[in-house]
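When a residue number appears, it is its place in the shown sequence, counting from 1.
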Amino acid sequence: LEGKIVNISLLPTRIQSRVEEILINYMGVAKLNKSTNGYKVDAIIYNDDGDYVLVEKAKEMKIKTIPLSKFNQMILK
């Protein structure tokens, strides 16, 4: 995700700040988007237990979608 724009709007607020810190300080993302209508991104990280229109739309637009569980696995490796 280094140098990419990542949307984290679909995460619970309490988790957003932790993910934001990891993305900026350790993964080198270029920019974060916290808007639910933000499609001009390279990836979207979302909470696993939700049915989100934004995620489906992102998949249609070929934007990388990452469930929070997969993101957690990425940072542990």
Side-chain angles (χ1 to χ4, degrees):
L1 296 175
E2 185 174 347
K4 305 288 185 187
I5 300 171
V6 180
N7 185 311
I8 59 172
S9 67
L10 300 178
L11 296 174
T13 306
R14 68 186 192 291
I15 295 174
Q16 276 186 13
S17 60
R18 293 181 188 147
V19 171
E20 180 176 358
E21 180 183 346
I22 292 166
L23 288 169
I24 292 173
N25 296 330
Y26 301 104
M27 300 185 89
V29 300
K31 185 178 176 185
L32 287 177
N33 183 317
K34 296 181 185 179
S35 171
T36 54
N37 63 356
Y39 294 112
K40 294 182 180 179
V41 297
D42 299 299
I44 294 175
I45 300 174
Y46 63 96
N47 204 17
D48 294 76
D49 59 349
D51 183 25
Y52 302 108
V53 173
L54 180 62
V55 172
E56 294 307 314
K57 182 75 171 167
K59 287 177 182 178
E60 290 173 14
M61 297 174 70
K62 307 292 189 232
I63 296 171
K64 183 174 187 169
T65 57
I66 306 168
L68 185 58
S69 60
K70 183 176 177 185
F71 177 76
N72 288 337
Q73 291 173 355
M74 289 169 56
I75 60 175
L76 291 175
K77 291 184 179 183

Mind listing the side-chain donor-acceptor pairs of residues 57-67 below 3.5 Å, one per line with the distance, residues two or more places apart or on another chain?
none

For this session: Group every Ile, Leu, Val, Met, Phe, Trp and Tyr by side-chain heavy-atom contacts under 4.5 Å, then state whether I5 and I24 land in the same group.
Result: no
Problem set entry | Student check: side-chain heavy atoms of N47 and L10 closer than 4.5 Å | no
For this session: Following the transitive rule for hydrophobic clusters with a side-chain heavy-atom cut-off under 4.5 Å over Ile, Leu, Val, Met, Phe, Trp and Tyr, establish whether I44 and L32 coincide in one cluster.
Result: no
Exercise. Is it true that M27 and I8 fall in one hydrophobic cluster, defined by side-chain heavy atoms closer than 4.5 Å?
Worked result: yes
For this session: Check whether any side-chain heavy atom of L54 sits under 4.5 Å from a side-chain heavy atom of Y46, and report yes or no.
Result: no
Seminar exercise, completed: For residues 8-26, the side chain to side chain donor-acceptor pair (under 3.5 Å) pairs (sequence neighbours left out) are N7-S9, E20-K34
Exercise. Do you know the tightest heavy-atom contact between L1 and L23?
Worked result: CD1-CD2, 3.8 Å
Exercise. When you measure from the side chain of D48 to the backbone N and O of S69, does any donor-acceptor pair fall under 3.5 Å?
Worked result: yes
For this session: Would you mind telling me which of N33, V19, V29 makes a side chain to side chain contact (heavy atoms under 4.5 Å, CB included) with V6?
Result: V29
